[in-house]
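Bear in mind that the values here come from a model prediction, so they are computed numbers and not experimental data. For ligands, and for the atoms within them, numbers begin at 1 and follow the listed sequence. Position 1 is the first residue of the sequence; numbering continues from there.
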Amino acid sequence: MFYIIHPSHRAIAGCTDYYLLSQVGRPVMADTSSKPRNLGASLPVPNVQDLAARPACLDHHVLHRYLRDDDDAPAALSPSSTNYAAALAAASSSVPVVDLARLLDPAHADDEAARLRAACEDWGFFHVVNHGVPDEVIHDVKEVIKAFFQLPLADRQALAQGPAGVEGYGQAFVVSEDQKLDWADMLFLYTQPPEYRSLNLWPSRPATFRDSLHRYSLAVQRVATHLLAAMARNLGLLDHQDTAAGNGNQNQMTAIAAAQAVRINYYPPCPQAHDRVLGLSPHSDAVGLTLLLQVSPVPGLQIRRGGAWIPVVPLPGALVANVGDVIEVLTNGRYKSIEHRAVVNATQERVSVAAFHSARFDAGTYGPIQEIMRPGEAPLYRTIAVEDYVKLVLSNKLQGKSSAIDAMKINY
Ligand SMILES: O=C(O)CCC(=O)C(=O)O
Ligand SMILES: [Fe+2]
């Protein structure tokens, strides 16, 4: 789940714009900044880590807001369920693996590019191994994230999302009292380009948090750039001689590595009802390319495939990549943005870090890339300014929709 809308908390806290918060569903763009702002309101919800730590408070009344209907509950995948056979069949061919070192090595690049193409066309999800993010960068970012979630609640709450925003510590959009809640908290931060950062919402404890996240963010952005350049070559947008980092050679695919936000998801264990709550509701990512780091080896990510939910079991040392809605639009549907969700564990917490890549908010348009369209091929999606796409995503979120891509589809 990703919101590319930048909530300018300072402006909102300053109250000049506060009255606009009541206009839920009417996002307003800042005219003085290249960063879009989200002025839609999300309802306050309890801190889940805190709830989970105080089981005595978890009476039915509280838990009720998290309990899913049978069709949506993770238990729908239990061995006795009818979905189970379909899930097993779908999982039997497992999530593909792409080796970035091979992709960058001229001796193996063509083979690996073919694997990447198949992964994008058939799965929309793949593991990335040999991604080049140094071990110590991954180790450090994991450590500071674990340390952040061990801070007392009040210290974490000091970075709370403003009443109207998604950046900071809190939860995804909650638009109605009836909406089922996710069994998770998150810390959502803009990371690239550096001028998009709201450093006041970046933890200052542990003391190395900011530096570790900065180094991780840069290294992961490099992975995104390489993968997008390889996708661009597969689509015929770049020559094979062009180095993956693109020798300055930008195109609509590589441009979607320019902006990055991270969503750090914390899923507490739920011994009371782990098979009836969801850590993260089904959604597709509204961005270009997502790269996910699983901080602990506890599995939880599931993707919808063949009508069933199948698990993506973490591969040690790998990142999980997924095609977002924007890539589906740019490729006119050749690469699919797949719905996914996160389930929670009965006894163990789970932490993940999703790095979402997209174009700069003030840059160009999103729409099917002209150069890849075959003669006579009809565009399946509209072309709109990146800024308008951001508004569209926001207004869809405020209507409680899990994805904005339907609003981009052209109905012939
Ligand atoms: O925690 C996970 O595995 C999934 C996270 C995710 O899908 C997201 O943050 O958009
Ligand atoms: Fe996601």
Side-chain angles (χ1 to χ4, degrees), residues 1-5 48-49 72 74 77 95 123-128 141-142 145-146 149 161 166-174 181-191 213 216-217 220 224 256 259-270 274 277-305 309-316 318-328 335-345 348-358 393 396-397 401-405:
M1 195 168 301
F2 173 55
Y3 308 101
I4 25 186
I5 298 85
V48 183
Q49 186 177 347
D72 299 330
L77 259 191
V95 178
W123 281 83
F125 265 82
F126 52 95
H127 297 281
V128 187
V141 83
K142 285 183 176 179
I145 286 169
K146 285 186 215 155
F149 288 112
Q161 297 162 338
V166 291
E167 201 175 9
Y169 181 56
Q171 294 241 341
F173 266 105
V174 179
L181 300 178
D182 291 339
W183 190 257
D185 305 313
M186 66 159 173
L187 176 62
F188 185 87
L189 299 170
Y190 282 86
T191 42
L213 183 60
Y216 177 73
S217 145
V220 160
I256 59 176
Q260 183 196 61
V262 297
R263 183 182 151 138
I264 304 171
N265 301 297
Y266 181 88
Y267 307 98
C270 186
H274 75 280
V277 303
L278 281 178
L280 191 50
S281 303
H283 66 280
S284 64
D285 293 344
V287 292
L289 183 69
T290 304
L291 291 170
L292 184 84
L293 173 69
Q294 315 217 36
V295 173
S296 49
V298 180
L301 175 62
Q302 298 183 338
I303 62 176
R304 202 194 276 280
R305 185 167 167 86
W309 289 106
I310 68 158
V312 180
V313 179
L315 268 187
L319 297 167
V320 174
N322 69 282
V323 165
D325 295 352
V326 168
I327 293 187
E328 179 169 326
Y335 299 170
K336 291 272 186 310
S337 174
I338 300 297
E339 207 182 2
H340 52 284
R341 68 180 189 179
V343 298
V344 301
N345 191 280
Q348 288 172 289
E349 66 182 19
R350 175 168 179 267
V351 182
S352 69
V353 185
F356 303 111
H357 299 88
S358 59
V393 171
N396 273 268
K397 292 293 175 200
K401 296 184 185 162
S402 65
S403 154
I405 197 153

Quiz item: So which bit of V312 gets within less than 4.0 Å of ligand 1, heavy atoms only: side chain, backbone, both or neither?
Solution: neither

Quiz prompt | Rounded distance [0.5 Å steps], CG in D182 versus OH in Y267 | solution = 8.0 Å

Quiz item: Relative to the Fe ion (ligand 2), which of the N, O or S atoms in D285 is the closest?
Solution: OD1

Quiz item: Between Q294 and ligand 1, is there a nitrogen or oxygen pair with a distance under 3.5 Å?
Solution: no

Exercise. Would you indicate which of Y266, Y267, F188 comes nearest to atom 2 (C) of ligand 1 when only heavy atoms are counted?
Key: Y267

Exercise. Check whether any side-chain heavy atom of D185 lies under 4.5 Å from a side-chain heavy atom of Q171, and answer yes or no.
Key: yes

Quiz item: Can you list the ligand 1 atoms lying under 4.0 Å from a non-hydrogen atom of H340?
Solution: 7 (O)

Practice problem: Kindly assign one of parallel, tilted or perpendicular to the pair Y169 and F149, based on the angle between their ring planes and the thresholds 30° and 60°. | Solution: tilted

Quiz item: Measuring from L280:CG to S352:OG, what's the distance to the nearest 0.5 Å?
Solution: 8.0 Å

Exercise. Go through ligand 1 atom by atom and flag the ones less than 4.0 Å from a non-hydrogen atom of N265.
Key: 1 (O), 5 (C), 9 (O)

Please tabulate, one pair per line, all N/O donor-acceptor pairs under 3.5 Å involving side-chain atoms of residues 291-301, not counting sequence neighbours.
from, atom 1, to, atom 2, distance (Å)
Q294, OE1, R350, NH2, 2.7

Quiz item: Which ligand 1 atoms, with their elements, are less than 4.0 angstrom from a heavy-atom of D285?
Solution: 10 (O)

Quiz item: Under 4.0 Å from any heavy atom of A354, which atoms of ligand 1 are there?
Solution: 9 (O)

Quiz item: Mind checking what makes side chain to side chain contact (heavy atoms under 4.5 Å, CB included) contact with A355, not counting sequence neighbours?
Solution: V220, Q260, V262, H357

Quiz prompt | Vertex the Fe ion (ligand 2), rays to NE2 in H283 and NE2 in H340 - rounded to 10° | solution = 90°

Quiz item: Side chains of E339 and P282: does their closest heavy-atom pair fall under 4.5 Å?
Solution: yes

Quiz prompt | contact_flag M186 ligand 1 heavy-atom lt 4.0 Å | solution = no

Self-check item: Nearest-0.5 Å distance, NZ of residue K336 to OG of residue S284
Solution: 12.5 Å

Quiz prompt | Atoms of ligand 1, numbered as shown, that sit under 4.0 Å from any heavy atom of F356 | solution = 8 (C), 9 (O), 10 (O)

Quiz item: Quick one: which ligand 1 atoms are inside 4.0 Å of a heavy atom on S352?
Solution: 1 (O), 2 (C)

Quiz item: With atoms numbered from 1 as shown, which atoms in ligand 1 lie under 4.0 angstrom from a non-hydrogen atom of L280?
Solution: 5 (C), 6 (C), 7 (O), 8 (C), 9 (O)

Exercise. To the nearest 0.5 Å, tell me how far K397 NZ sits from H283 NE2.
Key: 7.5 Å

Quiz prompt | Close side-chain approach of W309 to I303, heavy-atom, < 4.5 Å | solution = no

Exercise. Report, in ascending order of atom number, the atoms of ligand 1 lying under 4.0 Å from any heavy atom of R350.
Key: 1 (O), 2 (C), 3 (O)

Quiz item: Does some non-hydrogen atom of H283 fall short of 4.0 Å from ligand 1?
Solution: yes

